[in-house]
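Shown next, in structure tokens, is the structure this report addresses.
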Amino acid sequence: MFTFGETMVALRGSGPLKLGGTMQVSVAGAESNVAIGLARLGHTVRWAGAVGDDEAGALVLRTLRAEGVEVSGAALDPGAPTGLLLFEPRLPEVTRVHYYRAGSAGSRLTADAVEAAFSAAPPRVLHLTGITPALSATARSAAARALRLARRHGSLVCLDVNFRARLWTAEEAIAVLREWVPFVDVLIASDDELPLCLPEDPGAEAGARAEALLDLGVGEVVVKLGAAGATVFSRALRDGPLHRPATPVRAVDAVGAGDAFVAGYLSALLDGEGPAGRLERAVTTGAFAVASHGDWEGAPTRAELGMLGTPPGTVVR
């Protein structure tokens with residue numbers, strides 16, 4: 001699998017930032033979160049992007065390598081810094097996110113890395129998010145180039161809409177995403193993100209919107225419903241949409257849950273599982289993320305997937 005985008009240094013505060021306190025240093029980025037999740041499940045994953053030629057960039061690449069993600073397509077940009085992400089826990093279940101990525105190395109990503117990746121080995125699956133095209137015109141062009149290359153080489157395209165209002169407006173997102181829809185095989189979105197992908201809104205129900213996307217040529221639409229689970233819509237499902245409730249866990253941090261869900265879904269897809277198996281693994285990996293602190297740190301290995309079914313208080317020896 002191949003994915004690309006911006007990965008930043010992430011600082012997680014112990015409380016409101018204006019009061020100071022301690023911060024934990026890690027890295028984060030939607031695409032690399034998915035890459036790490038897939039690598040932990042035993043898949044071969046390549047990530048491309050640009051980081052600054054600085055200590056923060058070195059941390060990003062070192063972390064991804066340590067997690068088994070192939071990063072030979074990554075570039076060092078001596079003229080721009082690695083992006084920064086601050087997480088501020090403001091209430092027990094509310095976290096504010098502050099981006100410092102304007103002019104970052106990741107935002108200056110070009111199509112060169114995409115071209116090189118497909119020339120070296122066309123991927124079986126290309127994973128994109130709606131975050132990368134929001135970063136800059138060059139990053140948007142790189143993503144568009146990846147879509148054309150995927151079609152040429154027969155790669156399956158997965159798009160996680162992942163709308164970020166702090167990066168671009170809904171109108172800007174609509175202009176890009178609606179052009180991308182004909183290239184997409186698997187579209188993953190929350191129910192409120194679906195209208196961004198449609199030329200006309202067929203109604204208020206997620207089901208009607210998903211059906212409209214299938215009519216536009218999307219192979220399957222996966223609607224994330226948070227604590228209510230997820231639903232898959234596909235013409236291949238003879239009995240209609242397939243729903244799977246979320247796996248109940250004690251939630252400690254919802255950040256990264258969507259990326260973990262995508263990693264689980266793509267993992268099962270790569271394993272040849274049908275929609276039911278994909279949903280099952282997706283809600284499982286999503287639950288691991290919700291039950292753990294950090295963007296990707298709680299991602300399970302394949303051997304750990306069954307741990308959520310163990311009784312509370314179990315000690316695995």
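From a predicted model like this one, the values you see are computed outputs, not experimental measurements. Position 1 is the first residue of the sequence; numbering continues from there.
- Taking Gln24 as the reference, nothing meets the side-chain hydrogen bond (donor to acceptor under 3.5 Å, both in side chains) condition, with sequence neighbours excluded.
- Residues satisfying the salt bridge (Lys or Arg N to Asp or Glu O under 4.0 Å) criterion with Arg302, sequence neighbours excluded, are Asp271.
- In this structure, the side-chain hydrogen bond (donor to acceptor under 3.5 Å, both in side chains) partners of Asp192, at least two apart in sequence or on a different chain, are Ser190.
- With sequence neighbours left out, the salt bridge (Lys or Arg N to Asp or Glu O under 4.0 Å) criterion links Arg96 to Glu88.
- Remark: Arg108 pairs with Asp77, Ala80 by the side chain to side chain contact (heavy atoms under 4.5 Å, CB included) rule, at least two apart or across chains.
- Under 3.5 Å, the side chains of Ser107 and Glu6 contain no donor-acceptor pair of N or O atoms.
- The stretch residues 152-176 participates, sequence neighbours left out, in these salt bridge (charged side-chain N to carboxylate O under 4.0 Å, His left out) pairs: Asp160-Lys224.
- Applying the ring pair (Phe, Tyr, Trp, His ring centres under 6.0 Å) test to pairs two or more places apart or on separate chains, those with a residue in residues 126-159 are Phe118-His153.
- Evaluation of the ring pair (Phe, Tyr, Trp, His ring centres under 6.0 Å) test over residues 2-42, restricted to residues two or more places apart or in two chains, returns Phe2-Phe4.
- Cluster partners of Leu305 are Leu41, counting Ile, Leu, Val, Met, Phe, Trp and Tyr whose side-chain heavy atoms approach within less than 4.5 Å, directly or via other members.
- For Glu273, there are no salt bridge (Lys or Arg N to Asp or Glu O under 4.0 Å) partners, not counting sequence neighbours.
- Residues passing the side-chain hydrogen bond (donor to acceptor under 3.5 Å, both in side chains) test with Arg140: none are found, sequence neighbours excluded.
- Residues forming a side-chain hydrogen bond (donor to acceptor under 3.5 Å, both in side chains) with Thr138 (at least two apart in sequence, or on another chain): Ser136.
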